[in-house]
2 protein chains.
Amino acid sequence: MSRRRVTLADLAQAAGVSRTTASLVMTGRARELRISHDVEQRVLRAADELGYRPNAVSVGLRTGTSRTIGFVSDTVATSRLAGDMIKGALEAARERGVMLFIGETEGDPELERGLLHAMHDRQVDGLILAAMYTRTIKVPKDVGGPAVLLNALPKTPSDLPSIVPDEVEAGRAAARVLLDAGHRDGIYTIGAGPALRNVPPQSVAAVERLVGIREVLGEAGVKIAGGRMCVDWLPELGFAATADLLKKHRPKALICLNDRVALGAYQALGDVGLDVPGDVSVVSFDDHPIASWIRPKLTTVALPYYELGRKAVEVLFAQMGEEAKPGEVHRVAMPVMHRDSVATRS
Amino acid sequence: MSRRRVTLADLAQAAGVSRTTASLVMTGRARELRISHDVEQRVLRAADELGYRPNAVSVGLRTGTSRTIGFVSDTVATSRLAGDMIKGALEAARERGVMLFIGETEGDPELERGLLHAMHDRQVDGLILAAMYTRTIKVPKDVGGPAVLLNALPKTPSDLPSIVPDEVEAGRAAARVLLDAGHRDGIYTIGAGPALRNVPPQSVAAVERLVGIREVLGEAGVKIAGGRMCVDWLPELGFAATADLLKKHRPKALICLNDRVALGAYQALGDVGLDVPGDVSVVSFDDHPIASWIRPKLTTVALPYYELGRKAVEVLFAQMGEEAKPGEVHRVAMPVMHRDSVATRS
DNA sequence: CTGTTAGCGCCTTCAA
DNA sequence: TTGAAGGCGCTAACAG
């Protein structure tokens with residue numbers, strides 16, 4: 001018994017019609033072209049029995065379309081945080097009957113060129129250019145065809161739409177969490193700030209979060225008491241920064257610029273016998289898995305990875321369908337995860 | 001200026017040769033078929049100038065091969081731990097000039113069928129069937145063509161090769177770490193054990209790790225003092241299990257069945273004022289990122305995700321090339337990450 | 001050594 | 001309402 005795929009010709013023969021007719025029926029244009037109901041059923045039945053499936057490669061060659069999009073990232077696929085971004089993209093793609101190619105550039109322009117070529121060679125219908133952490137990227141010039149930037153903004157003006165988390169609003173939300181809990185003083189930032197220039201290099205998240213924080217606090221007439229910057233948002237550095245802060249100050253609330261930093265802060269706080277949230281409230285950003293693993297569970301403003309991924313393919317499809325507004329920036333809301341690290345002050 | 005892709009015909013015309021000749025040159029068979037050096041150079045130059053790239057879709061249709069493999073997982077792509085698996089596969093694929101389709105089944109057989117179809121429709125050259133955590137899976141029967149199981153073993157005998165971490169050896173290694181540090185008693189397991197039947201359902205890792213642990217300890221004439229099982233390896237459950245253990249016992253060493261469990265154990269130990277590793281040594285498995293974030297840094301036997309991914313495509317290619325031994329199981333070594341959670345006993 | 005010819009499987013005018 | 005024919009871009013026999 002032959003394992004060869006059944007082709008349209010096989011199907012046509014089995015149904016006793018021409019290939020054209022079979023094709024028409026299979027592409028759902030039987031009604032439109034007024035093919036007899038009888039013939040239509042015959043074809044459909046034969047297709048079912050033979051297990052006919054159109055060869056996507058052939059269709060691709062013929063139509064120039066592949067129902068495939070490429071997901072190219074610096075290293076997002078491997079980022080433990082951002083697998084959800086792919087998951088979101090994957091699901092949105094599946095809903096549209098589209099497959100996903102993935103590739104990583106490792107930040108190497110040479111690799112990036114190669115990948116983009118390999119994808120174009122395979123006639124991808126569109127491209128998602130993703131970054132592991134939110135930042136500005138240099139848009140490769142050989143992006144032929146529809147593309148969107150995911151978790152990234154173009155370094156130089158570009159027509160490509162961007163999908164990014166709404167970090168400014170997240171900053172506002174974090175500040176509001178503290179305000180709502182009655183905090184008015186003794187608020188310090190860890191990881192960046194308190195001034196806008198004290199941010200890790202390249203990090204748009206840092207400045208935008210800070211902007212939001214300062215805005216809401218400012219409106220409420222509350223001053224940030226101080227802060228410590230970390231060149232990288234790692235637990236060790238968060239620990240060091242917090243330990244250093246504690247040498248001179250007794251904070252009542254910490255806004256950590258992300259969860260890994262917060263983990264370090266927890267450790268430093270613990271070392272000097274300060275209780276979270278009894279003595280010090282902590283808010284953070286990202287909603288990394290550890291946020292709900294550490295004790296007390298961390299109240300944090302979540303990075304909406306899954307939604308970002310979904311949105312990317314939605315925008316990409318809009319892009320592919322009509323002409324979209326060039327360079328539009330889509331901001332995805334960052335939800336607050338209320339947990340146990342913030343105490344109410346009277 | 002036309003943006004149309006340069007075709008072989010264009011190239012042939014520009015070089016003043018036939019399409020065949022151009023094709024021969026471009027596929028590197030000029031030497032073999034003794035095409036004049038002069039013509040070869042002319043074609044190569046023209047190709048370079050025109051930026052000719054063969055249309056992979058067309059090649060696919062013609063040759064039936066697509067230089068593409070499919071990576072299908074239950075939900076590994078999104079698993080924060082296992083992004084490295086994809087990364088490994090991605091790199092090994094890139095080295096071979098192959099692209100990766102990815103898809104997730106969410107454990108839904110219906111989705112799985114659909115995905116497999118979609119991939120076959122696109123003529124993938126091979127399939128990687130991956131699981132998020134090591135376990136036995138039901139091999140779908142419509143896997144036409146070469147395929148390998150990644151981080152999974154077939155539930156019923158199958159011809160497909162498997163690539164899995166060498167958990168038994170990992171268990172041995174963990175036990176040796178303790179033995180080498182002079183531990184001879186007061187050793188408890190957390191997450192599973194001490195008996196082989198006390199394991200979370202479905203988890204092959206649990207039983208294999210336990211087997212290795214018991215083997216080495218047994219050989220050294222050391223008895224496991226006791227243990228606590230967790231139905232799922234989560235920090236909370238690790239905490240609860242350890243706290244419960246501490247009500248009755250004073251362990252000198254803990255073998256946690258994975259890092260998340262170990263995190264919970266740390267918390268429980270801390271609560272009763274026990275110091276790691278001063279009072280209690282801790283070894284664990286997985287090398288989750290938190291292992292190096294918590295204090296003291298956790299000594300753990302690493303899950304070789306990256307290597308697993310690489311190996312999967314290596315085996316897949318071997319599979320595609322020659323006939324491989326059916327059903328072979330490839331075990332990838334799990335390296336010990338020596339850190340600070342184990343103290344030497346005199 | 002190089003060119004001609006014939007498809008791979010499908011879709012799409014154009015005729016019948 | 002259906003069929004025949006051509007071609008997407010490429011490779012592989014087979015001639016010359």
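Chain letters run A, B, ... following the sequence lines, proteins first and then strands; every chain starts at 1.
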Practice prompt. For a side chain to side chain contact (heavy atoms under 4.5 Å, CB included) with B/Ile128, tell me which candidate from B/Val315, B/Leu316, B/Ile86, B/Leu149 qualifies.
Written response: B/Leu316

Could you list, one pair per line, each protein nitrogen or oxygen that sits under 3.5 Å from a nitrogen or oxygen of nucleotides 1-4 of chain D, together with the distance?
unit_1, atom_1, unit_2, atom_2, d
D/dT1, OP2, A/Arg34, O, 3.2
D/dT1, OP2, A/Arg34, NE, 3.3
D/dT1, O5', A/Arg34, O, 2.5
D/dT2, OP1, A/Ser36, OG, 3.3
D/dT2, OP2, A/Ser36, N, 3.2
D/dG3, OP2, A/Ser18, N, 2.7
D/dG3, OP2, A/Ser18, OG, 3.0
D/dG3, OP2, A/Thr21, OG1, 3.1
D/dA4, N6, A/Thr20, OG1, 2.9

Worksheet item: Taking the nucleotide of DNA chain C with the closest heavy atom to each, which residue, B/His37 or A/Pro54, is nearer the 5' end?
Response: B/His37

Worksheet item: Does the pair A/Arg67/B/Asp121 count as a salt bridge with the N-to-O cut at 4.0 Å?
Response: no

Item to complete: Would you classify A/Leu8 as touching base, sugar-phosphate or nothing, given that sugar-phosphate means primed atoms plus P, OP1 and OP2, and contacts are heavy atoms under 4.0 Å?
Response: sugar-phosphate

Worksheet entry | Stepwise ring-ring contact (aromatic ring centres under 6.0 Å, His included) check, B/Phe101 with A/Phe101 | CA-CA 5 Å; B/Phe101 272 127; A/Phe101 272 127; 4.1 Å; yes

Discussion item. Is there a side-chain contact between B/Glu95 and B/Glu314 in this structure, where contact means two heavy atoms from C-beta onward sitting under 4.5 Å apart?
Written reply: no

Practice prompt. Could you check B/Glu40 against A/Val6 and say which one's nearest nucleotide on DNA chain C is further toward the 5' end?
Written response: B/Glu40

Worksheet item: How about B/Thr68 and A/Arg122: does a side-chain donor come under 3.5 Å of a side-chain acceptor?
Response: yes

Discussion item. When you measure from the side-chain N and O atoms of A/Ser58 to the phosphate of C/dC8, is any distance below 4.0 Å, counting only OP1 and OP2?
Written reply: no

Practice prompt. Could you tell me whether A/Arg96 and A/Asp125 have a side-chain N and a carboxylate O separated by less than 4.0 Å?
Written response: no

Item to complete: Answer yes or no: does a side-chain N or O of B/Tyr52 lie under 4.0 Å from OP1 or OP2 of D/dC10?
Response: yes

